[in-house]
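Before any comments, here is the structure.
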Amino acid sequence: MEETSWKPSLHQTFSSFEEFENLLKGYSDKSFTEWVTGNSRKVEAENKVLEARGAPPIDPKFRYKYYTLTCKCGGKDRTGTGKGIRVNQSTFKIGCPAKILMKYEKTLKKLQIYEVNLWHSHPVTPNIKASFPESRRLDNDEEKAVQNLLKAKVKPTMIRNLLGNVTSKKLTSRDIANQRAKMKKEALSGRTEEEKLLDVLQELTDVDPDSNIHIGQDNGGNLEFLFFQTSEMKKNMQKYPSVVIMDTTYKINKNQMPVVVFMVMDGNGSGRVGGYAFVANEIKITLKKVLEALKKSLGEETVEKIKVVVVDKDYSEIGALKAVFPHCRIQLCDFHVSKSFQKKANELHEPKVVLEILTKMRYCTNDQSFQNLVAELKKAASQKMYEYFENNWLKISEGWSLRDRHDCLGNTTSNRLENHNGKIKMIL
């Protein structure tokens with residue numbers, strides 16, 4: 001094989017653009033050069049002109065009417081007119097004269113090189129070629145590998161290390177960000193995120209006609225909450241309505257919208273989801289609207305059977321529950337009550353006996369014993385501690401003391417729901 005057979009030469013012809021691409025790739029790899037497209041005209045654009053003239057079109061396999069390639073370092077160095085604030089900006093352009101000019105010859109029905117200069121005014125070495133962005137670009141297999149690792153929630157730093165063991169390319173944070181963006185674009189299939197969401201909700205209702213979806217908007221048309229309850233979730237609450245656990249979890253969607261979760265307990269003591277609601281905020285009026293959507297979805301017959309709702313000590317949740325479900329008893333999660341008592345006692349440096357009395361109150365089973373413990377606390381605790389207890393806990397003692405808690409079916413905490421929320425985060 002002659003030396004010129006592996007590199008572009010003057011008057012050389014090609015039966016398709018793909019044939020030229022293969023030659024150029026082999027030449028670039030052997031010569032450690034990088035080429036970029038310059039002034040060119042595609043066949044699609046030219047064919048529109050030819051069609052208007054009534055002339056025969058050019059075969060699309062040639063791709064270009066005329067095509068210019070220049071060295072990556074070709075062109076004049078661009079002298080910026082800025083204030084020099086972005087000091088790390090640079091360019092590869094140093095005026096290298098290397099170029100390849102090619103055009104479609106109608107008589108030959110081929111692409112032909114009519115000008116070529118393969119001399120470069122700078123060194124061409126493997127290291128220089130490797131420094132160009134084009135050399136760092138991932139091929140299809142590498143892109144797929146990165147995307148699979150991203151789907152598996154592998155950290156970007158680990159992805160860069162893993163890929164570095166199988167390829168010479170040095171992956172950057174920007175490369176990984178580009179792959180995330182590409183995955184997102186492919187997932188949306190040309191739709192906006194809002195359109196994608198509506199499509200998913202429509203699919204849910206198509207598959208499950210008895211499901212209930214409610215989208216709430218504020219006066220400005222912004223999403224305020226999205227409540228959904230599948231038919232299976234609705235059956236869970238209709239079958240086991242006595243005790244409902246309500247809790248909010250965070251950081252499971254990119255918009256950082258809190259998610260309100262409703263859960264009931266079946267006859268085997270296992271938790272069953274009763275509904276979900278993505279909310280823009282956790283203020284009382286928004287949660288009230290969510291609870292109204294839940295109430296509407298369940299129907300009055302099921303709602304009347306709800307006796308207890310277990311929540312953390314969140315005043316917005318409690319206020320919304322009292323407004324929508326006034327017949328229900330609100331029970332505070334014992335774990336969070338204990339944690340709050342301990343935090344305040346430590347903050348005020350209370351003696352150990354104060355926490356002991358508060359613990360006895362939590363497990364107290366009759367009103368007289370509870371009142372006796374209140375008197376003991378008043379003597380043992382500091383004035384600040386007792387005022388805190390009186391203002392924040394004494395008036396709602398039925399919500400955290402064991403007195404009259406025979407209707408909670410053993411649900412004294414929201415731990416069952418917290419465990420569920422942890423699994424959601426693992427999946428999402």
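Values below: every heavy atom of this structure, side chains too, minus hydrogens, waters and symmetry copies.
- Not one N or O on the side chain of T70 forms a donor-acceptor pair closer than 3.5 Å with the backbone of G38.
- Shown here for T68 and N39, the closest heavy-atom pair between the two residues is OG1-O, 2.7 Å.
- The stretch residues 310-336 participates, sequence neighbours left out, in no ring-ring contact (aromatic ring centres under 6.0 Å, His included) pair at all.
- Atom CD of E44 has more than 12 neighbouring heavy atoms from other residues, nucleotides or ligands inside a 6.0 Å radius.
- In this structure, the separation between CH2 on W35 and NZ on K72 is 13.5 Å, given to the nearest 0.5 Å.
- For the salt bridge (charged side-chain N to carboxylate O under 4.0 Å, His left out) condition, the pairs that include at least one residue of residues 340-361, sequence neighbours left out, are K344-E347.
- For F225, the ring-ring contact (aromatic ring centres under 6.0 Å, His included) partners at least two apart in sequence or on another chain are H214.
- Checked against the 6.0 Å centroid criterion, the rings of Y67 and Y104 do not qualify as a close aromatic pair.
- The side-chain hydrogen bond (donor to acceptor under 3.5 Å, both in side chains) contacts involving residues 274-289 comprise E224-K289, Y250-E282, Y276-H420, N281-T286, K288-E292, where partners must be two or more places apart or lie in separate chains.
- Counted by atom type alone, Q368 and N372 present one or more donor-acceptor pairs between their side chains at under 3.5 Å.
- Under the side-chain contact (heavy atoms from CB on, under 4.5 Å) criterion, P57 pairs with N47, sequence neighbours left out.
- Atoms CG and CD1, on L298 and I306 in that order, are 6.0 Å from each other to the nearest 0.5 Å.
- Of all heavy-atom pairs between H120 and C71, the closest is ND1-SG, 3.5 Å.
- Partners of K234 under the salt bridge (charged side-chain N to carboxylate O under 4.0 Å, His left out) rule, at least two apart in sequence or in another chain, do not exist in this structure.
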Evaluation steps, side chain to side chain contact (heavy atoms under 4.5 Å, CB included), between F370 and L394: CA-CA 10 Å; F370 184 85; L394 186 56; 4.0 Å; yes

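- For P97, the side-chain contact (heavy atoms from CB on, under 4.5 Å) partners two or more places apart in sequence, or in a different chain, are N117, W119, S121.
- Applying the side-chain contact (heavy atoms from CB on, under 4.5 Å) rule to K239 yields no partners; only residues at least two apart in sequence or on another chain are considered.
- Among residues at least two apart or in separate chains, there is no salt bridge (charged side-chain N to carboxylate O under 4.0 Å, His left out) pair with a member in residues 211-222.
- Looking only at distances, a side-chain donor or acceptor of K129 sits under 3.5 Å from a matching main-chain atom of T33.
- Residues passing the ring-ring contact (aromatic ring centres under 6.0 Å, His included) test with F341, sequence neighbours excluded: W393, W400.
- Summarising the local packing, CD1 of I283 is surrounded by more than 12 heavy atoms from other residues, nucleotides or ligands at distances under 6.0 Å.
- Between L150 and V154 there is no side-chain heavy-atom pair separated by less than 4.5 Å.
- In this structure a side-chain-to-backbone donor-acceptor pair under 3.5 Å is present from S28 to L24.
- Among residues two or more places apart in sequence or in another chain, the side-chain contact (heavy atoms from CB on, under 4.5 Å) test is passed with T230 by L204, D208, E232, M233.
- Of the candidates K25, E19, E18, N22 forms a side chain to side chain contact (heavy atoms under 4.5 Å, CB included) with just one, namely E18.
- For residues 46-66, the set of pairs meeting the salt bridge (charged side-chain N to carboxylate O under 4.0 Å, His left out) definition, not counting sequence neighbours, comprises E21-R63, R41-E46.
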